[in-house]
Every structure is written in structure tokens, then in C-alpha cells.
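Contents: one structure, followed by commentary.
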Amino acid sequence: MRVYNTLGRELQEFVPRAPGKVSLYVCGPTVQSAPHVGHGRQAVAFDVIRRYLQWTGLAVRYVTNITDVEDKIIAAAQDEGVTAAEVARRTTAQFLEAYRRLRVAPPDGLAFATEHIPEMIELISRLISRGHAYPAGGDVYFAVRSFPGYGKLSGRNVDELVSGARIEPGEHKRDPLDFALWKASKPGEPVWESPWGPGRPGWHIECSAMAEKDLGFGFDIHGGGLDLVFPHHENEIAQSEAAAESAPFVRTWLHNGMVTLRGEKMSKSLGNVVGLLDLLASSRPEAVRLFYLRAQYRQPIEYAPDLLTEAEAALDRLWSFRRRLGAAAVVPDADVPDAAVLQAFRSAMDDDFNTAGALGVLFDAVREGNRLLDAGEDANPIAAAYDEITAVLAIDEPATSLADLAGDLDAIAARMGISGGSPDAVVTALIDLRSRARSGRDFAVADTVRRELAALGITLEDGADGTTWHRP
RNA sequence: GGCGGCGUGGCCGAGUGGUUCAGGCAAGGGUCUGCAAAACCCUUUACCCCGGUUCAAUUCCGGGCGCCGCCUCCA
């Protein structure tokens, strides 16, 4: 398996720290405002990476975080006249809801910054004692020039950074390059006690503290958005490696590309965001995932409604195929998956998680599976491979619940003169009734069944293998 | 200005030094079909420009043009 390591900027053979185990930390959001389409892309990209690693037999420990104390959260709270904790609580709930609906598997560890203040203080203290940080005016700063490796991730050198760096009013840096590890709190801001007085953590320190606490120094993979390479991840490396007097903090750095809108990066500060929950209100979660996965994770992807429509159509093609197998009453799970298909999938994914290539493999398999079914041949091995692949990508069709239609279905059953029962049983009975009517060329009854079910949003499809239904 | 990336057919998007082809969507034509769909088959000026290396370049090298990201908070 080869992955593109931002540290070194090259494809490298992936070798876990401990055989058979992978430790994976991904930078989660700062919960300052509602999630947008870009956040979803990141979450899905690493969800698939995690699922794929597991599928290959590796035991993955996946940790991500919620940064729930930070300048922008405080600013948002002050604008609204509520506490920072309230903004963080509400926004966190939105992110977790969006992730859940996107079928992002919950992490093994979900770390909140505000629950790791002691670890951060401990890390900062160690940096001070080792001469890499200094308190000043109630703040604590990291002394960038004390860490020779600074810039190795983002390809910058310290002397060229000076021109852009500056000291904001109220800061007490010795060097414009330095960054805050701890900030003295102003009245009304969140505050914790510390050896340097009441204050709150800087933005970069929480990931260093939380990742190391859960996964240990020198863990396997650290992920995040490409826009975090500098300064956030560069600073994480500096903090952790300076404190440990060891390297590397992280073996492999993976960064996902940005989502753009009309060619520009979607971001809060530009104001060109499309809400993730809004998108999920109008598109099926699996279609959104497919939209994301059509490009390899490092490439930028353009958001446009038409592209979601395309993804919806592509998803229908996948699910239609799988429904044919359901109608044919086969049991793919019991079959041996088609080895060539799985091998092709694996080689695409082993090439830096090339989901675009992997989807090509999947669609090829679907065409072949459909062809076999048309010919009346055995498509079960293809279907079994399809099931594995769509499970790894989490774009398989979820079981449809008809529970909310129970009353309506009973009413139809009564009108059509059959007995009621569970919603699924009624639908099955109606399909049987219609099949008998069709055999007797009583198309009026057959069409009535189709129409009645269509009114509830249930579509019937007739195929050589039988009739299937789906909603919507 | 510095660092990094990208430029493929109507749109999205993989990939490769040469042989038949990614794949999806859209469009057109067939086959099948009680209806409605789905499916299968066929089709539609691909590789930004200019040099170079090579028997052969979309693929490697150099230059140019264009676009994007980071250099300030950002997934």
C-alpha cells in the first residue's frame, strides 16, 4: 500500500508502527459555526480510509477531536450574547448530526479540547522547562527559532516567513514567528487556572496533547485538510517534537483537498459556504458520499448542484443492480466474492486510496453483473464483491423502513381485498396480487396496485427475475 | 514574491511511454418490454501551447500560458 506523505511529499510504502495495527488521528472541526460541504468531504475521506484499512485486516484506532475553545467561538458567542460553551455545544451537535447522517462511523476516541486542559498545561510546562517556550504577560509562546525542524512539513524556511509574520497589539512575542500556546483570558472569556495565571489554550496545542495522550508519540497517520498544513500541523510537530526531544511525532501525514465553489475554496471567511445539513436535506447521504469519492481525496472538488444530480443518477445505477439480485432471491453473502473484482478494487485503493479508480472497478463489475443476469447466468460472485466494496465505501443501500406507512398500506390492502399485516408483508402481498393479475392479463388490477403504491412513494420495477420495490 | 498542486472527450474524473477500452453523467441510435422502469449493445473532433529526449509522448525533461491552495482564521 502506497500513500502520499505530506512530510517528504512523496508516495511511500505504508508500514504501521506496530504490525497489524494502525493509529490514526484526524483533526476535527473548530465548532465556531455550522458544518459546510467541505467538512463533509474531509470526514468522508478519512472515514473511507479508516474503513479500507480495517477491511485489509488492520486493527485501526481512530481518534478525532472537537476543538471547543478558540477565538472564533468566543467571538461568535459575544455576537449572539451567549456563552462560548453554548455556541460550542450547539455547533458540536450539528457536526455530529451531519456526520451521523453521512454514515461516518463514530471514532474510537472523540476528544474535546476543554476536557484536556491539564494535558495541555503539562505539555506547555515541559516546553518551557526545555527552553522551547516562554511565559510573557500572562501568555505563553512557543519559540519557533528554538526548534530547528520548523518548516519541514510545509516546506518553509524560517527566514522567509519573517516578512509575513507580525505581532498583533496586546501580544508579547519575542519574535514575530512565535505563536501562542496559552492566552491570558479577558473578562467574559472562558478561563482555566494555570501556572501562568488564568487563561485558555492557544489553537495548536490541543491536537498535540490529545493525539499523544490517546495514540502515543510517534503514531502512524495524522490527517486533516490541506489548509491545515501550515501553520497548524507545522506547529503541532514543533510542539510535540520539541517537548519530547524526539522525532517523528507522526510517521505519515495525509491531507485532503478542498471543496471549491465556482473555483474558489469554500470557507467560512470567504462566506461562500453551502451548509452540509442543507445538502443532506436534499440529497441522499450515499449520493453525497459518491459525489465526494468520485475524485481522489487529495484533489480539489468543485461543488455544484448538477454534480450532486449526477451522483444521484450514478447511485441509482448501483442500487438498481443490487435490487435485481434481491429479486432473484440469491444469497451473495454466502458466495465467494469475485476475486478479480476485489483485486482490482484493492489495487486502486492501495494506490493512495484512489476512490475514483475504485469506483471505476465497481461500475465495471455492475455492468458485468447486469450482463450475466440478462443472460441468466450466475452473478452471485459479482454481487458478493459489490457488497464488500459498497460496504467499505458505505454507499450500499440501507434497508428501507415502511413503518410510517403501516396505516396507508393497511387501507390499500383493505381496498384490494387482501389481509393486512406488517408493512413489508402487505407490500409483498400486493406484489403477489399484481403478479397474478398480470399473469391473467388483468392489467387494470395490476395498474391499480402500481398506482396505489406510487401514491405512497413506493416504486415497483418489473424484471425478468421478478418485481422489486423501492422508495423513493 | 516564496512553497505546493492542477490543466484529459458536452460535463465530472481515473490512468498509461506504443497495442481494444478507464468509469460515471448527459445526448443520439438499437435490443428487450402489457404499462412504468431498469438492463444490455453501438455512437459522439481527449489528453493547454512550444521545444527536447525517444523507433514511439497525453504519459519523461525544459520553457510558456492559465487556474487553484498555503504563506492570516479555515476541513
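In what follows, chains carry the letters A, B, and so on, assigned in the order in which the sequence lines appear, proteins first and then strands, with residues in each chain numbered from 1.
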For this session: Find the distance A/Y292:OH to B/A75:P and express it as a whole number of Å.
Result: 13 Å
Problem set entry | Options B/A75, B/G13, B/C25, nucleotide nearest the side-chain atoms of A/M266 | B/A75
For this session: Remember a base hit wins even if backbone is also touched, and classify A/G38 as base, sugar-phosphate or nothing at under 4.0 Å, heavy atoms.
Result: base
Exercise. What nucleic acid atoms does A/V361 come within less than 4.0 Å of, heavy atoms only: base, sugar-phosphate, or nothing?
Worked result: nothing
For this session: Please evaluate the base of B/A75 for a donor-acceptor partner in the side chain of A/R41 within a cut-off of under 3.5 Å?
Result: no
For this session: Take atom P in B/G28 and the same atom in B/A37, then report the distance between them in whole Å.
Result: 15 Å
Problem set entry | Donor-acceptor pair under 3.5 Å, A/D462 side chain vs B/C35 base | yes
Problem set entry | base_contact_polar (B/G34 base, A/D447 side chain, donor-acceptor, <3.5 Å) | yes
Exercise. Checking only heavy atoms, does the side chain of A/S269 share a donor-acceptor pair with the base of B/C73 at less than 3.5 Å?
Worked result: yes
For this session: Report yes if at least one side-chain N or O of A/N157 is closer than 4.0 Å to OP1 or OP2 of B/C3; otherwise report no.
Result: no
Exercise. So what's B/G66 paired with, Watson-Crick or G-U wobble, going by both distances under 3.5 Å?
Worked result: B/C6
For this session: Calculate the interatomic distance between A/R371 atom CZ and B/C42 atom P; express it in whole Å.
Result: 11 Å
Exercise. In whole angstrom, what separates A/F321's CZ from B/A39's P?
Worked result: 11 Å
Exercise. OP1 or OP2 of B/C70 less than 4.0 angstrom from a side-chain nitrogen or oxygen of A/K265, does that happen here?
Worked result: yes
Exercise. Is the centre of the A/Y386 ring less than 6.0 Å from the centre of the A/W319 ring?
Worked result: no
Exercise. Does A/L460 offer a backbone N or O that forms a donor-acceptor pair with the side chain of A/R450 under 3.5 Å?
Worked result: yes
For this session: Determine the interatomic distance between P on B/C11 and the same-named atom on B/C49; round to the nearest Å.
Result: 15 Å
Exercise. Any idea which heavy atoms bring A/V69 and A/A113 closest together, and the distance?
Worked result: CG1-CB, 4.2 Å
Exercise. Any N or O donor-acceptor pair linking the side chain of A/R9 to the base of B/G4 at under 3.5 Å?
Worked result: no
Problem set entry | Carboxylate-amine/guanidinium proximity below 4.0 Å for A/D352 and A/R2 | no
For this session: Please determine, for the side chain of A/S320, which listed nucleotide (B/A75, B/A38, B/A36) has the closest atom?
Result: B/A38
Exercise. Nearest to the side chain of A/R367 - B/C40, B/G69, B/G2?
Worked result: B/C40
For this session: Round to the nearest Å and state the distance from A/R317 atom CZ to B/G24 atom P.
Result: 5 Å
For this session: Would you mind pulling out the nucleotide paired to B/U53, Watson-Crick or G-U wobble, both distances under 3.5 Å?
Result: none
For this session: Would you mind telling me which of B/A14, B/C70, B/G24 lies closest to the side-chain atoms of A/N354?
Result: B/A14
Exercise. If only atom types and distance count, is the side chain of A/D351 paired as donor or acceptor with the main-chain N or O of A/N354 below 3.5 Å?
Worked result: no
Problem set entry | 5'-most by nearest nucleotide on RNA chain B - A/D374 or A/L270 | A/D374
